[in-house]
Amino acid sequence: MTAEFTLKQNSDFHRLYGRGKSESSPVLVTYALKSRQPYSRVGITTSKKIGSAVERNRCRRVIRAAYSSLKGDVKPGYDLVFVARHRTKNVKMQVVAESMRRQLVDLGVIEKVSGE
């Protein structure tokens, strides 16, 4: 993720929480909202409830790696926020990527492949 494609403003996060569609699983919550930008922007949130700074940073790294593996399939023009859950710190990136793909397909951000 480059700096120009990340969500950083608190107002952007709250806009997604309030008006965006969401999907959840035991490892991840995903919020998506169509934007007028020609590119997609991504934000990642980890709460202090997850654990220490080391654990929160690991969750962010895992979510970032999972998103980068799916980035080519994501339609442009969406704002996305990924919220780490307590189980995120204990699972591998592939589990998070699988959950993220399922959620993004349900939200209409990724086209569903005929084999799914």
Side-chain angles (χ1 to χ4, degrees):
M1 274 186 293
T2 58
E4 62 196 33
F5 297 102
T6 58
L7 291 172
K8 294 191 180 196
Q9 298 295 318
N10 193 21
S11 58
D12 290 334
F13 282 88
H14 282 285
R15 182 173 49 84
L16 261 83
Y17 296 148
R19 295 191 356 218
K21 294 180 184 176
S22 67
E23 288 288 327
S24 64
S25 72
V27 276
L28 189 69
V29 178
T30 303
Y31 292 89
L33 183 64
K34 186 85 171 132
S35 69
R36 295 180 179 162
Q37 307 296 331
Y39 51 85
S40 292
R41 299 186 301 170
V42 177
I44 299 173
T45 305
T46 54
S47 164
K48 284 192 175 184
K49 293 178 185 178
I50 288 177
S52 67
V54 173
E55 293 169 326
R56 294 193 306 271
N57 286 332
R58 181 187 184 281
C59 290
R60 281 191 285 270
R61 277 194 315 271
V62 166
I63 292 171
R64 203 174 299 121
Y67 179 74
S68 68
S69 71
L70 301 173
K71 190 176 4 180
D73 299 336
V74 174
K75 294 178 190 174
Y78 280 91
D79 287 344
L80 303 168
V81 170
F82 300 108
V83 181
R85 297 191 106 175
H86 199 267
R87 285 192 193 172
T88 308
K89 66 182 180 181
N90 299 321
V91 297
K92 297 197 181 270
M93 186 274 298
Q94 291 82 3
V95 175
V96 175
E98 181 182 310
S99 178
M100 187 182 291
R101 175 177 282 287
R102 197 173 316 113
Q103 291 174 1
L104 291 174
V105 166
D106 290 346
L107 291 168
V109 179
I110 292 180
E111 289 294 325
K112 187 173 187 177
V113 180
S114 61
E116 290 182 10

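All heavy atoms count here, side chains included; hydrogens, waters and symmetry mates do not.
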Q | Close side-chain approach of Val74 and Ile110, heavy atoms under 4.5 Å | A | yes
Q. Does any non-hydrogen side-chain atom of Tyr78 lie less than 4.5 Å from one of Leu107?
A. no
Q. For the atom pair OG (Ser69) and CZ (Arg101), what is the distance rounded to the nearest 0.5 Å?
A. 7.5 Å
Q. Do His86 and Lys49 touch side chain to side chain, with heavy atoms closer than 4.5 Å?
A. no
Q: State whether the number of non-hydrogen atoms from other residues, nucleotides or ligands found under 6.0 Å of Lys34 atom NZ is greater than 12.
A: yes
**Q.** Point-to-point distance, once rounded to the nearest 0.5 Å, from NZ of Lys21 to OG1 of Thr30
**A.** 14.0 Å
Q: Please check if the side chain of Ser35 supplies one atom and the backbone of Gly77 the other of a donor-acceptor pair under 3.5 Å.
A: yes
Q: Compare every heavy atom of Ala97 with every heavy atom of Leu70, then report the nearest pair and how far apart it is.
A: CD1-O, 3.7 Å
Q. To the nearest 0.5 Å, what is the distance between CZ (Arg85) and SG (Cys59)?
A. 12.5 Å
Q.
With a 4.5 Å cut-off on side-chain heavy-atom distances among I, L, V, M, F, W and Y, is there a chain of contacts connecting Ile50 to Phe13?
A. no
Q) Below 4.5 Å, heavy atoms only, C-beta onward: do Glu98 and Gln94 meet side chain to side chain? A) no
Q) Val62 versus Met93: any side-chain heavy-atom pair under 4.5 Å? A) yes
Q) Quick one: are Gln103 and Ser99 in side-chain contact, heavy atoms under 4.5 Å? A) yes
Q: Starting at OG1 of Thr46, measure out to CG of Asn57 and round the result to the nearest 0.5 Å.
A: 7.0 Å
Q | Flag if over 12 foreign heavy atoms under 6.0 Å of NZ, Lys75 | A | yes
Q: Kindly indicate whether the side chain of Ser22, heavy atoms from C-beta on, has any atom under 4.5 Å from the side chain of Tyr31.
A: yes
Q | Shortest non-hydrogen contact between Asp79 and Leu16, atoms and distance | A | O-CD2, 3.3 Å
Q.
How close do Met100 and Ile63 get, counting heavy atoms only, and between which atoms?
A. CE-O, 3.8 Å
Q: Start with the C-alpha distance between Phe5 and Val42, add both sets of side-chain angles, then the distance that settles side chain to side chain contact (heavy atoms under 4.5 Å, CB included), and finish with yes or no.
A: CA-CA 6 Å; Phe5 297 102; Val42 177; over 6 Å; no
**Q.** Flag, side chain of Ser24 to backbone of Val29, donor-acceptor distance under 3.5 Å
**A.** no
Q) Will you find, in the side chains of Tyr17 and Thr45, an N or O donor that is under 3.5 Å from an N or O acceptor? A) yes
Q. Is there a side-chain contact between Arg41 and Asp12, using heavy atoms and a 4.5 Å cut-off?
A. yes
**Q.** Arg87 side chain to Asn90 side chain, donor-acceptor N/O pair below 3.5 angstrom
**A.** no
Q. How long is the gap from CG on Leu104 to CG on Leu80, to the nearest 0.5 Å?
A. 6.0 Å
Q.
Let me confirm one number: the NE2-CD distance from His14 to Gln9, rounded to the nearest 0.5 Å.
A. 11.5 Å
